[in-house]
Every structure is written in C-alpha cells, then in structure tokens.
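To keep things clear, I will list the structure first and then write my remarks on it.
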Amino acid sequence: MTEKVVVRIERSHPHRWEEFHVERRPNANVISVLMQIQRNPLTADGQRTSPPSWDAACLEEVCGSCTMNVNGRVRQACSALIDHLEQPITLSPMKKFPLVRDLAVDRQKMFDALKRVRAWIPIDGTYDLGPGPRQAPEDQEINYVLSTCMTCGCCLEVCPQVGESAAFIGAAAISQTRLFNNHPTGRMNASERLRALMPEGGVADCGKAANCVQACPKNIPLTSSIAEMARQTTRQALRDWFFHDESKGSVITVA
Ligand code: SF4
Ligand code: SF4
Ligand code: FES
C-alpha cells in the first residue's frame with residue numbers, strides 16, 4: 001500500500017478547512033505536496049474542490065514568498081521537508097498580512113516600510129562608478145548577515161506589536177535601516193532614515209518581546225539591530241533638537 005501524506009489546509013472564499021491525502025514521495029517539501037494537490041484537488045472525503053493558492057518563486061529559501069504557518073509555526077514552505085513534519089500537516093496563511101487567497105497573503109506593507117526608511121543607497125547616474133568604498137571586515141561581517149533578509153514576514157507574524165490597527169513598522173525594516181546606515185555610502189543618508197524611525201510606529205514602539213529574533217529563518221540579530229537603531233535615533237533626536245533650536249545657545253556635543 002502507498003504511504004500517504006495527510007495535509008489540512010485553511011481555505012478561503014468561503015473560509016473552511018479541507019483535508020487531503022496525497023502519495024508520499026521521497027524528499028518532498030510542502031510546495032511539492034501542494035503541487036500534487038493542485039493537479040488533483042480531491043479532498044479526503046472524495047469531494048472535488050478548487051486547487052489551493054499559494055505563493056512561491058525561488059524554492060530555495062531566498063525570496064520569502066512562500067512563507068506560511070506550517071504546523072502552527074511560521075516558516076518557508078519550500079524548505080519545510082515532509083519527512084521532518086508531524087502529520088497531519090496543517091497549513092494556514094500568515095495572519096498579520098491581508099489575505100489574498102488560501103495560503104497567499106499580501107506583504108506590501110513590508111515593502112512600504114522599506115520605502116519609508118529609504119532602504120537603499122542612492123547612486124548618481126547609471127555610468128560606471130568604479131569600485132565601491134572599502135568596508136572594515138567587522139562591518140562586512142555584520143552587514144552580510146543583515147543583507148540576507150528576504151522580507152519574508154516571519155518577524156512580523158510573531159510580533160505582538162504588529163496588528164491590523166497598529167502602526168509598528170516591524171523588525172525587518174528597522175534591521176535594514178541598520179544595514180544601510182552601516183554602509184560607507186549609505187551613511188550619508190543616515191539622518192533621513194533615522195527620522196523615518198522616530199514617529200509613531202517607529203523603533204520606540206517595539207515591546208522588546210524578542211519573538212522576532214527567534215522566528216527569523218536567516219538568524220538575523222534583530223534585537224541587536226533594534227537596540228542599535230534605538231541608540232542612533234536618540235542621538236539623531238538630540239542633534240535635531242540642538243541644531244534646530246538656536247534659542248538654547250549652549251553647546252551640546254553628541255557623539
Ligand atoms: S522585539 Fe518583540 S516587539 Fe520588538 S520587533 Fe521583535 S517581536 Fe516585535
Ligand atoms: S528579518 Fe528575518 S524574519 Fe524578518 S523579514 Fe527578514 S528574513 Fe524574514
Ligand atoms: S519559494 Fe522563495 S523562499 Fe520559498
């Protein structure tokens with residue numbers, strides 16, 4: 001008898017749970033099982049249903065688009081191997097993002113957050129700019145880890161400060177601010193990025209629960225990024241206060 005994989009999927013339009021039994025294949029991951037279901041969308045009790053929807057692109061845990069809750073834990077479906085999962089395998093969409101359909105969500109707010117903190121390095125023109133500035137090995141070491149963020153959303157999904165009515169920007173964008181402020185060229189726009197983290201919804205809204213750092217599949221040191229950005233925004237606020245309020249007259253030196 002062929003061994004089966006039992007999968008329960010949270011479906012939308014209308015909301016329901018559906019169970020599927022599919023043939024177990026060697027080295028299968030959650031995406032390949034979803035593809036088996038897509039080819040023959042028959043529930044465990046023999047009802048024909050619509051093929052489930054999900055997002056995926058790279059299939060190697062780099063793009064972040066396949067992120068969903070697998071057995072109650074937020075992770076990438078492409079790197080979730082069936083042999084390592086308890087059955088029945090439950091699949092549900094991330095809850096902190098607007099639902100598109102079934103397991104697909106809209107992560108636009110993460111990209112908007114990156115725009116808000118200007119998570120890029122402006123370059124002047126498209127001509128050959130030559131080699132970039134040199135970076136100290138210790139900067140390279142931390143910047144490399146920070147640069148592996150794939151905007152997957154795991155850190156927002158587990159964060160108690162992120163919600164429909166909450167303005168909190170989330171750990172990923174805060175950490176990307178650290179990355180670009182720590183780059184020799186990016187540093188020139190550090191003040192603008194820090195000012196974007198100061199108003200409501202910025203770094204001060206973090207409740208320091210540290211769920212994010214545990215959920216990040218890339219092991220990005222999110223809590224140290226948050227602490228570093230809190231320090232930098234405080235220094236920036238002092239600089240802004242000093243340079244914009246000439247009536248104070250006294251000299252304040254800010255490191
Ligand atoms: S430390 Fe806690 S509150 Fe702050 S971003 Fe991480 S999960 Fe959210
Ligand atoms: S910081 Fe980690 S958990 Fe958050 S979006 Fe980036 S890769 Fe995903
Ligand atoms: S498909 Fe890109 S991370 Fe899974």
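Atoms within each ligand, like the ligands themselves, are counted from 1 in listed order.
In summary, E192 and R195 do not engage in a salt bridge, as defined by a charged side-chain N under 4.0 Å from a carboxylate O.
The neighbour count for R16 CZ, taken as heavy atoms of other residues, nucleotides or ligands under 6.0 Å away, is above 12. For E86, the CD atom counts as loosely surrounded, since its 6.0 Å shell holds 12 or fewer non-hydrogen atoms of other residues, nucleotides or ligands. Heavy atoms from other residues, nucleotides or ligands lying under 6.0 Å from CE of M198 number more than 12.
Counting the atoms of ligand 1 from 1 in the order shown, those under 4.0 Å from a heavy atom of C159 are 3 (S), 5 (S), 7 (S), 8 (Fe). Taking every heavy atom of N211 and a limit of under 4.0 angstrom, the matching atoms of ligand 1 come to 7 (S). Proximity to C212 (heavy-atom distance under 4.0 Å) selects the following atoms of ligand 1: 1 (S), 5 (S), 6 (Fe), 7 (S). The contact set between ligand 1 and G207, taken as ligand atoms under 4.0 Å from a residue heavy atom, comprises 3 (S), 4 (Fe). Which parts of ligand 1 touch A209 is read off a 4.0 Å heavy-atom cut-off, strictly below it: atoms 1 (S), 2 (Fe). Counting the atoms of ligand 1 from 1 in the order shown, those under 4.0 Å from a heavy atom of Q161 are 3 (S). Within ligand 2, the atoms closer than 4.0 Å to a non-hydrogen atom of M110 are 5 (S), numbered from 1 in the order shown.
Hydrophobic cluster membership differs between L99 and I9, with clusters built from Ile, Leu, Val, Met, Phe, Trp and Tyr side chains linked at under 4.5 angstrom. Cluster membership for V22 and L91, using ILVMFWY side-chain heavy atoms within less than 4.5 angstrom, is shared. Hydrophobic clustering (side-chain heavy atoms under 4.5 Å, transitive across Ile, Leu, Val, Met, Phe, Trp, Tyr) keeps F180 apart from L194.
Taking distances strictly below 2.8 Å, the protein N/O/S atoms close to atom 2 (Fe) of ligand 3 are C58 SG, C63 SG.
Summarising the geometry, atom CD1 belonging to I142 is positioned 4.0 Å from atom CZ belonging to R178; distances are rounded to the nearest 0.5 Å.
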Would you please test N69 and E157 for side-chain hydrogen bond (donor to acceptor under 3.5 Å, both in side chains) and show each step?
CA-CA 9 Å; N69 286 298; E157 178 73 356; 3.0 Å; yes
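Only side-chain heavy atoms of I226 come within less than 4.0 Å of ligand 1; its backbone N, CA, C and O stay farther off. Contacts between A210 and ligand 1 below 4.0 angstrom, taking non-hydrogen atoms only, involve the backbone exclusively.
Side chains of V33 and F20 form no contact here, defined as non-hydrogen atoms less than 4.5 Å apart. For the pair C206/Q161, no side-chain contact is recorded, criterion being any heavy-atom separation below 4.5 Å from C-beta on. A 4.5 Å side-chain heavy-atom check between D55 and V100 finds every atom pair outside the cut-off. The shortest side-chain heavy-atom distance between M110 and L114 does not fall under the 4.5 Å cut-off. Between W241 and R239, the closest side-chain pair of non-hydrogen atoms is not below 4.5 Å.
Take atom 8 (Fe) of ligand 2 and draw a sphere of radius 2.8 Å; the protein N/O/S atoms inside it number 1.
With respect to atom 4 (Fe) of ligand 1, the closest heavy atom belonging to the protein is C206 SG, 2.3 Å. Protein heavy atom in closest approach to atom 1 (S) of ligand 2: L222 CD2, 3.7 Å.
Partner of R193 under the side chain to side chain donor-acceptor pair (under 3.5 Å) criterion, chosen from T233, N181, T177: N181.
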